[in-house]
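Down below is the structure, laid out as structure tokens.
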Amino acid sequence: MLKTRLPDTGFLSGASGPLRRMLESQASEIRLSQGEVLFEQGDPGDALYAIVEGALELSVLSASGRKLSLDMMRPGAVFGEITLFDPGERTATAIATEASLVLRLRSGDVLEQIRRHPDLAADLLRLAGQRMRWMNNQLNEQVFLPMPVRLARKLAYLAPEGSDGRISLSQAELAEFVGATREAVSKTLATWKRNGLISVSRGGVQILDRNALAVLAEPESI
Ligand code: CMP
């Protein structure tokens with residue numbers, strides 16, 4: 001039985017009773033230290049994961065070794081469903097960006113529970129639908145939006161309303177999130193810093209003027 005309480009945020013906030021009960025009774029706990037890899041793109045996938053504490057980054061590497069960050073997942077996020085539905089290789093690498101606690105459910109156990117609790121299938125279909133929506137959105141942004149708009153959106157996503165606006169990522173890491181060069185990202189951040197939208201320090205970036213950033217996140221603003 002799980003010792004810690006399941007978070008009521010992210011995907012888990014809308015999870016069915018059977019999914020929550022399965023996580024509470026059948027999952028194993030995995031503690032990760034900062035920088036630890038949970039799994040790598042290309043590994044055989046055999047489990048579904050949920051985050052209880054901390055943060056994990058999902059990323060992919062291009063054939064030439066360039067990294068693209070796909071998402072930063074927080075407590076309540078559930079991931080690893082692609083190899084649950086289509087057994088094979090992990091489509092992305094998951095790495096803890098801070099000390100984290102994740103729950104691991106073996107794919108075989110999940111599939112067995114789906115047969116018993118159809119509610120669970122509805123949950124996981126919703127997860128797959130959300131993932132497709134997210135991926136489609138990311139693809140559209142990457143193809144149709146200029147880098148500064150993508151960067152403004154990513155900053156707002158990484159430090160949502162209600163947070164202190166701090167994003168502890170280097171400029172090279174932010175570049176990996178928007179699929180651009182570090183130089184281009186640094187240039188844009190320098191302009192925004194001059195205009196008082198953000199502050200930039202060694203530890204990362206902090207949003208100072210959320211409204212002005214929201215305007216820049218609109219495609220028409222460029
Ligand atoms: P799986 O392939 O089993 O393991 C890696 C997981 O990362 C994958 O399941 C999804 O849960 C998630 N994932 C894969 N691609 C993306 C993406 N482009 N954006 C967000 N999450 C992703």
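We use all heavy atoms of the structure for the numbers below, so side chains are in, but hydrogens, waters and symmetry mates are not. Every number for a ligand or one of its atoms is a count from 1 in the order of the listing.
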Next on the checklist: Go through it in stages, so that I can follow the logic: the residues are Leu151 and Phe177, the test is side-chain contact (heavy atoms from CB on, under 4.5 Å), and I'd like the CA-CA distance, side-chain angles, deciding distance and then a yes or no.
Outcome noted: CA-CA 8 Å; Leu151 184 59; Phe177 263 105; over 6 Å; no

Can you give each donor-acceptor pair under 3.5 Å made by side-chain atoms of residues 193-203, sequence neighbours left out, with the distance rounded to 0.1 Å?
residue	atom	partner	partner atom	Å
Asn195	ND2	Thr191	O	3.4
Ser201	OG	Gly203	N	3.4

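- In the displayed structure, Arg106 atom CZ is contacted under 6.0 Å by at most 12 heavy atoms of other residues, nucleotides or ligands.
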Close N/O pairs between ligand 1 and protein, under 3.5 Å:
residue	atom	partner	partner atom	Å
ligand 1	2 (O)	Thr91	N	2.9
ligand 1	2 (O)	Thr91	OG1	2.7
ligand 1	3 (O)	Gly80	O	3.2
ligand 1	3 (O)	Thr83	N	3.0
ligand 1	3 (O)	Thr83	OG1	2.6
ligand 1	3 (O)	Arg90	NH1	2.7
ligand 1	9 (O)	Ile82	N	3.4
ligand 1	11 (O)	Gly80	N	2.9
ligand 1	11 (O)	Glu81	OE1	2.8
ligand 1	11 (O)	Glu81	OE2	3.2
ligand 1	11 (O)	Arg131	NE	3.3
ligand 1	11 (O)	Arg131	NH2	3.3
ligand 1	19 (N)	Trp134	NE1	3.4

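- Side-chain N or O atoms of Gln34 include one that pairs as donor or acceptor with a backbone N or O of Thr97 at under 3.5 Å.
- Centroid-to-centroid, the aromatic rings of Phe79 and Phe11 stay 6.0 Å apart or farther.
- Minimum interatomic distance between Glu89 and Gly42 (heavy atoms only, all atoms of both residues): CG-O, 3.5 Å.
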